[in-house]
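Presented below is the structure to which this report refers.
The figures here come from the full heavy-atom set of this structure, side chains too, leaving out hydrogens, waters and symmetry mates. Small disclaimer: the values here were computed from a predicted structure and weren't measured.
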Amino acid sequence: MAGGWSRDGAVQEQIDASISEELERLRARRAPVGESLADCAECGEAIPEARREALPGVKICIDCQQERDQTFKVRPGFNRRGSKDSQLK
């Protein structure tokens, strides 16, 4: 149920659009490309064959990937379309 000047379903459409944009962004950044390396590009340790088969194009070992995942910062979301409240200020 939308209120004010918005039509019914407008809020859900905004939510759906935001989710689909974020999913597209995540899909674009997660897929490694090219041929997998036998040794990690960061530490030089051997990358297990099972990892290279599971993730074609992988360049780093599991330990280095875990370090990257721990230091990954979630980017804050914001409403690019603007809300009624933000336009009134």
Side-chain angles (χ1 to χ4, degrees):
M1 174 174 83
W5 295 98
S6 61
R7 58 184 166 67
D8 288 340
V11 174
Q12 187 62 44
E13 287 174 8
Q14 275 188 334
I15 293 169
D16 293 341
S18 296
I19 290 172
S20 63
E21 289 171 4
E22 187 66 13
L23 287 173
E24 286 176 30
R25 186 186 71 80
L26 290 173
R27 283 187 194 117
R29 80 175 271 279
R30 77 174 177 149
V33 293
E35 191 171 326
S36 296
L37 298 178
D39 297 323
C40 179
E42 292 185 8
C43 69
E45 292 292 320
I47 300 173
E49 181 67 29
R51 178 169 171 78
R52 288 184 282 159
E53 289 177 8
L55 292 169
V58 71
K59 307 284 190 241
I60 59 175
C61 67
I62 295 170
D63 293 334
C64 292
Q65 184 65 52
Q66 287 176 340
E67 286 180 27
R68 281 187 178 189
D69 291 344
Q70 289 173 354
T71 59
F72 176 73
K73 302 289 185 215
V74 177
R75 142 188 116 128
F78 58 92
N79 185 357
R80 289 184 295 237
R81 293 168 184 82
S83 66
K84 184 170 69 170
D85 293 337
S86 68
Q87 294 171 3
L88 294 175
K89 293 180 182 177

Side chains of residues 42-49: which donor-acceptor pairs under 3.5 Å do they make with residues two or more places apart or in other chains?
{"unit_1": "E42", "atom_1": "OE2", "unit_2": "R68", "atom_2": "NE", "d": "2.9"}
{"unit_1": "E42", "atom_1": "OE2", "unit_2": "R68", "atom_2": "NH2", "d": "2.5"}
{"unit_1": "E49", "atom_1": "OE1", "unit_2": "R52", "atom_2": "NH2", "d": "2.8"}

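- D63 is linked by a side-chain hydrogen bond (donor to acceptor under 3.5 Å, both in side chains) to nothing, counting only residues two or more places apart in sequence or in another chain.
- A donor-acceptor distance shorter than 3.5 angstrom exists from the side chain of S36 to the backbone of V58, with no hydrogens or angles considered.
- Rounded to the nearest 0.5 Å, atoms CZ (R25) and CD (E21) are 11.0 Å apart.
- Atom-to-atom distance recorded for C64:SG and D69:CG is 11.0 Å, nearest 0.5 angstrom.
- Residues passing the side-chain hydrogen bond (donor to acceptor under 3.5 Å, both in side chains) test with E35: none are found, sequence neighbours excluded.
- Annotation: the span from L55 atom CG to I60 atom CD1 amounts to 10.0 Å, rounded to 0.5 Å.
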